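Below is one structure, written out as structure tokens; the observations come after it.
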Amino acid sequence: MSKELIERLYRDHYLTREELVALINHLDDEGKKLLFHYSLQTKIRHYGKKVFMRGLIEFSNYCKQDCLYCGIRASNKKVERYRLSINEILQCCNEGYRLGYRTFVLQSGEDFWYGEDKLISIVKKIKGMFPDTAVTLSIGERGKTVYQKLFEAGTDRFLLRHETASKSLYEKLHPTMDFKNRRTSLNTLKKIGYQVGAGFMVGLPGQTAEDLAEDLHFLKELSPDMIGIGPFIPHGETPLRDAVGGSLEDTLVMVALARLMIPEALLPATTALGTLDPNGREKAILAGANVVMPNLSPTKVRPLYELYENKICTGDEPAHCRGCIEQRITSTGMEVDLGRGDSIQFQKNNSKFA
Ligand code: SAH
């Protein structure tokens, strides 16, 4: 039965929620092999052998939210908090540019110390100094006006994972946040014209196959340009310290299913997958992922941006990460692409690329 469902998904890029649940629940090793074969073929059909590199700058670990799973949640008083100055951020970009990166992803907790003026000035400076780069923000929820102004300042992309499409699970995990607002924010960002990234964690406590099928349907409907999928990994200083967490295999299956449901998406092989398994990112690439996000943050702050435990590469210099990841990509038979790497959907909709 799995084989029939996988083949239909490969052909139609669609299965109903019930079919996805059946597939997730009954996938055996042979089914997985077939699924990964088709998801890799689908990725190659749309993006060739390219895997895009993004330079990640974790610029602040202050956060006003209190997500139960996250190591930098507001209630964790054990984290030493830091903020990078505009100059430090620009230095990271400078080094990244020298290493060949043409996308910078600026990520932080929800830190309103960086108000709209500071953020606008950061984006304008980066775009002014490096006009051939794309700037991605991953800073959580802000109002429509701020999103609009940041777009006008030159921000190209915005990552805001929906985290889980289950309302009840979302509400349990995010005591300080609102389910509807997260989803509205994603739609707002899309309407403004950003390339938008959504995504979810796999293996959250209480998460069911039905919830995961709903995640895929939510993504199919939203049609984001980017989809971040990673395993939930417990952190000792959070209420979920004793939870089991997501597995490598389950996460790879979700990456492959996302590739088949939304074939044109940019799908990162996440650092969290590399943390679960030394070859987790390579395995994700072979299951249809086509983006990696090596770290460009200054080495001194890296251990402080600890969303989950044992996060990898916290002691490595940017030049080392750049080389290490390149080697990992080529080991899978794929090719590194250091260009801006805009999503196909965006290229189609944007006359600049016509
Ligand atoms: N504050 C920003 C950035 C969040 S951090 C925002 O709200 O979008 C980036 C992502 O890390 C989150 O979206 C979440 O999916 C993931 N994350 C956080 N804690 C995690 C954990 N314990 N295990 C795995 N992933 C985690």
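Note that ligands are numbered from 1 as they come in the structure, with each ligand's atoms numbered from 1 the same way. If you're wondering where the values come from, they're calculated on a predicted model, not measured in any experiment.
- The aromatic rings of F104 and F130 sit perpendicular, their planes meeting at an angle over 60°, well past the 30° parallel limit.
- Remark: minimum distance from atom 19 (N) of ligand 1 to any protein heavy atom is reached at Y69 CD1, 3.3 Å.
- Of all heavy-atom pairs spanning Q345 and S223, the tightest one is OE1-OG, 2.7 Å.
- In summary, the atoms of ligand 1 found under 4.0 Å from a heavy atom of F232, numbered by their order in the structure, are 22 (N), 23 (N), 24 (C).
- In this structure, the ring of F200 has its center no less than 6.0 angstrom from the ring center of F218.
- Taking a 4.0 Å cut-off on heavy atoms, Q107 registers as neighbouring ligand 1.
- Counting heavy-atom neighbours within 6.0 Å of K32 NZ, excluding the residue itself, gives a total above 12.
- Of the heavy atoms in H235, none comes closer than 4.0 Å to ligand 1.
- Of the protein's non-hydrogen atoms, the one nearest atom 16 (C) of ligand 1 is R161 NH1, 3.8 Å.
- Residue contacts with ligand 1: P234 is excluded, as none of its non-hydrogen atoms falls under 4.0 Å.
- Residue E163 has at least one heavy-atom neighbour below 4.0 Å for each of these atoms of ligand 1: 12 (C), 13 (O), 14 (C), 15 (O).
- Here the options are L216, D215, I227, the test is side-chain contact (heavy atoms from CB on, under 4.5 Å), and the partner is M254; only L216 passes.
- For the pairing with P231, the side-chain contact (heavy atoms from CB on, under 4.5 Å) check across L252, T275, T270, D277 returns one residue only, T270.
- Remark: aromatic rings of H162 and F179 are distant, center separation not under 6.0 Å.
- Which parts of ligand 1 touch R182 is read off a 4.0 Å heavy-atom cut-off, strictly below it: atoms 6 (C), 7 (O), 8 (O).
- When each atom of ligand 1 is checked for a heavy atom of S138 under 4.0 Å away, the hits are 2 (C), 3 (C).
- The single protein non-hydrogen atom nearest to atom 17 (N) of ligand 1 is M201 SD, 4.0 Å, given as residue, atom name and distance.
- Contact annotation: S108 has at least one heavy atom less than 4.0 Å from an atom of ligand 1.
- Protein heavy atom in closest approach to atom 11 (O) of ligand 1: L307 CD1, 3.4 Å.
- Of the candidates A272, G71, G230, P231, P231 brings a heavy atom nearest to atom 24 (C) of ligand 1.
- For atom 21 (C) of ligand 1, the closest heavy atom belonging to the protein is I233 O, 3.5 Å.
- Stacking of R83 on the aromatic ring of F59 is not recorded, the 6.0 Å distance cut-off and the 45° axial limit not both being met.
- Smallest separation of non-hydrogen atoms from C92 and L296: SG-O, 3.5 Å.
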